[in-house]
Asker: 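After the structure tokens below, expect a handful of questions from me.
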Amino acid sequence: MVKPEAMPREEITTRLRTAGYIADADIAVALQLMDMLGRPLLLEGEAGVGKTEVAKALAAIHGTQLIRLQCYEGLDLSSALYEWNYQGQLLTIRAREGLDAAAVERDIFSERFLLERPLLAAIRRTDRPVLLIDEVDRADEEFEAFLLELLSDFQVSIPELGTIKAASIPRVILTSNNTRELSDALRRRCLYHYVDFPDVERETNILRARIPGISVTLAIQIARMVESVRKQGLRKTPGVAETLDWAAALVGLDVKNLHDDPQAVHDTLRCLLKTREDRSNLTREVAERLIGKVE
Amino acid sequence: MGGASLSADDAAPAGDHVLARLTAFMQVLRDNAFAVGLKETEDAARVLGASAGARFHTLRQALKALCCTRHSDWRKFDDIFDAYWMGRGMRSATKGSSTLARTFEAPRQQRTASMSLKQLDQQQGGLGEPLQGGSGDAGSQPPSNATGRMEGASRVDSIAQTDFRKLADPDAVREAHAIAERLARRMRTRLGRRERARNKGRRIDLRATIRRNISHGGEPIALTWRQRKRKPLRLVLLLDASGSMSLYTSVFVRFMHGILDHFNDSEAFLFHTRLVHVSAAMRETDVGRALDRMSLLAQGVGGGTRIGESLATFNRWHAKSVIHSRTCVMIISDGYDTGEPDGLGAEMRQLSRHCKRIVWLNPMIGWEGYAPEARGMQAALPYIDLFAPAHTLQAIAALEPYLARL
């Protein structure tokens with residue numbers, strides 16, 4: 001296994017910024033370590049803090065493809081790794097009935113009938129793709145065990161074809177929402193980073209990078225407002241995605257300053273509040289008090 | 001920063017004493033229940049040798065990413081790191097733990113200024129060396145006040161702890177386990193039958209169908225279906241260990257242990273003024289160590305109760321990972337709450353939305369003339385599926401038929 005060159009930390013931060021991801025100070029260290037030690041990176045954090053974005057940005061800065069495997073309950077190897085194209089195989093068998101059986105068999109178990117799924121695709125590519133295994137906690141424990149094996153050996157054996165070794169070691173990012181406790185073995189295999197809600201400064205920068213035409217004042221106001229909304233103990237704390245939605249809505253309504261148009265602010269708050277309970281808890285009075293506190 | 005080449009091969013080998021300190025640090029992490037093994041130590045040494053280790057802050061972040069495996073680790077790592085490498089005492093470090101942000105920007109000089117000479121000395125030995133790739137040997141011993149577990153930090157304050165050691169009475173343990181086992185079997189078998197009857201194939205499994213029909217020449221005659229996987233019942237126990245429950249705590253802790261042993265899928269929590277996740281500690285195979293960890297975790301047992309807040313903690317931090325659609329939550333408490341009853345009601349409502357059943361076992365019901373009048377109890381009642389007395393193991397055993405039906 002050839003150890004790849006690791007990009008220095010400062011460069012990672014700059015490049016992430018160019019790719020539109022405003023990194024917190026420490027994730028660059030984790031990304032650097034990932035290359036240096038050849039370990040996968042496990043990202044945890046509340047929903048909507050931008051875990052998936054990290055993978056997208058990582059693919060962008062290395063100029064490689066992002067291969068994504070979305071995990072769900074009941075995910076099995078045939079949809080994660082590979083499957084044979086059964087219909088095609090059956091048709092071929094029929095079409096060549098009576099011909100040389102051995103040749104037919106060789107033929108139907110060849111590359112042509114192999115359906116590549118994300119994991120196999122990731123290890124067969126030569127340009128070190130970024131493999132994102134999203135919400136790994138939703139997959140079953142058996143799948144997790146298989147993943148562990150794949151992540152340490154980077155090879156897969158297909159009985160009919162033989163063992164396929166990774167052409168290049170992909171950069172692997174796993175994300176988890178903590179709906180189930182992951183196994184210790186998998187956790188130990190990975191580097192760990194807890195993605196927190198961004199602070200006001202970072203969120204302002206994110207807004208400015210992502211929402212074209214937003215003024216600095218409004219960006220800061222929105223970031224501060226969202227920060228105080230997050231402290232309200234809501235059932236669903238708004239994440240960065242919600243902030244972006246809200247900012248886009250305000251910009252779309254041509255709001256320049258939160259104090260100018262409390263009605264519009266109140267109307268658009270539904271971008272942040274996603275349950276009825278939160279909606280009724282954050283009444284107009286509360287919202288206005290929060291806006292009042294925002295400079 | 002050294003630039004692009006960070007591979008281990010060209011990194012300057014870290015000095016022996018630095019490695020010794022690093023190893024000792026890993027040991028401290030291990031004592032604090034971090035899952036770090038040889039491989040992690042090896043990688044940490046590489047990090048230290050490479051240029052990522054050249055800056056103190058980067059080193060902290062790098063080791064943090066490497067050694068942490070879960071959020072709880074993530075939160076306490078900085079304090080342990082400071083305590084060890086900066087020579088700060090655990091206790092003071094723990095106190096400042098809420099201000100994580102402080103550690104990010106706080107200039108090192110400022111800290112140095114507030115340090116005693118002795119600590120400075122240690123810092124020279126411990127942290128100065130890795131910067132230079134080191135040759136000296138001064139201060140290579142880890143400062144004695146910086147090791148030790150985080151949980152143990154307040155050991156002095158915990159004289160009033162309940163002594164869990166008396167739980168080890170073999171007869172009582174055996175009885176508790178027998179009841180738990182019987183219960184587990186009843187609740188499981190019932191579920192198994194129900195599930196099977198409901199299971200119909202949803203999709204054809206092509207792979208298996210073809211395999212099965214080889215004898216027909218690949219003609220799919222007998223179909224194989226895919227079935228949804230069965231989820232066995234998970235039991236989550238929340239045991240009130242406050243002062244008003246002290247008579248019963250030991251009985252139920254034994255029961256809890258039995259449940260953890262016999263249910264394939266169960267989790268256990270203790271609560272009093274706060275909530276503690278005790279499954280891992282109670283699953284410890286070595287009885288002595290289990291008791292040890294329990295005693296450490298259970299500081300504050302026998303004090304007041306804040307059921308509402310404990311449930312809030314549970315809903316906020318644990319519910320997502322321990323509750324799925326086939327979860328039965330069993331709360332064992334007398335319902336005497338010092339918190340706000342409204343809070344308890346709201347938390348119960350939220351809990352009832354996510355789990356299948358809530359059982360509340362109340363030891364007080366067994367008493368003559370008791371009615372669930374505690375305000376907290378009143379607030380919680382509407383969300384409870386089974387509200388039953390249990391002040392002894394026999395009482396729980398008597399509940400078997402009801403529990404099995406859940």
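A note on names: the letters A, B, ... follow the listed sequences, proteins ahead of strands, and every chain is numbered from 1.
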Asker: Using 30° and 60° as the class boundaries, would you call the ring planes of A/H193 and B/W74 parallel, tilted or perpendicular?
Answerer: perpendicular
Asker: Please evaluate residues B/D82 and B/R60 with respect to the criterion salt bridge (charged side-chain N to carboxylate O under 4.0 Å, His left out), reporting the C-alpha separation (whole Å), side-chain torsions for both, the decisive distance (0.1 Å), and the verdict.
Answerer: CA-CA 9 Å; B/D82 281 357; B/R60 186 217 306 269; 2.9 Å; yes
Asker: Relative to chain A, which segment of B/R70 carries a heavy atom at a distance below 4.5 Å: side chain, backbone, both, or neither?
Answerer: both
Asker: Checking heavy atoms, do the side chain of A/E46, its backbone, both or neither come under 4.5 Å from chain B?
Answerer: side chain
Asker: With a 4.5 Å heavy-atom cut-off, do A/Y192 and B/H71 have their side chains touching?
Answerer: yes
Asker: Can you tell me which portion of A/E11 sits under 4.5 Å from chain B's heavy atoms? Options are side chain, backbone, both or neither.
Answerer: neither
Asker: Which bit of A/L90 comes within less than 4.5 Å of chain B, counting heavy atoms only: side chain, backbone, both or neither?
Answerer: side chain
Asker: Identify which of A/R94, A/E44, A/R39 forms the greatest number of heavy-atom pairs closer than 4.5 Å to chain B.
Answerer: A/R39
Asker: Are side-chain heavy atoms of A/L41 and A/L58 found at a separation under 4.5 Å?
Answerer: no
Asker: Hey, does the side chain of A/R171 reach the backbone of A/M34 with a donor-acceptor pair shorter than 3.5 angstrom?
Answerer: no
Asker: So which part of A/Q87 gets closer than 4.5 Å to some heavy atom of chain B, the side chain, the backbone, both or neither?
Answerer: side chain
Asker: Do B/Q27 and B/R30 meet the criterion of a side-chain donor-acceptor pair at a distance under 3.5 Å?
Answerer: yes
Asker: Relative to chain B, which segment of A/D76 carries a heavy atom at a distance below 4.5 Å: side chain, backbone, both, or neither?
Answerer: side chain
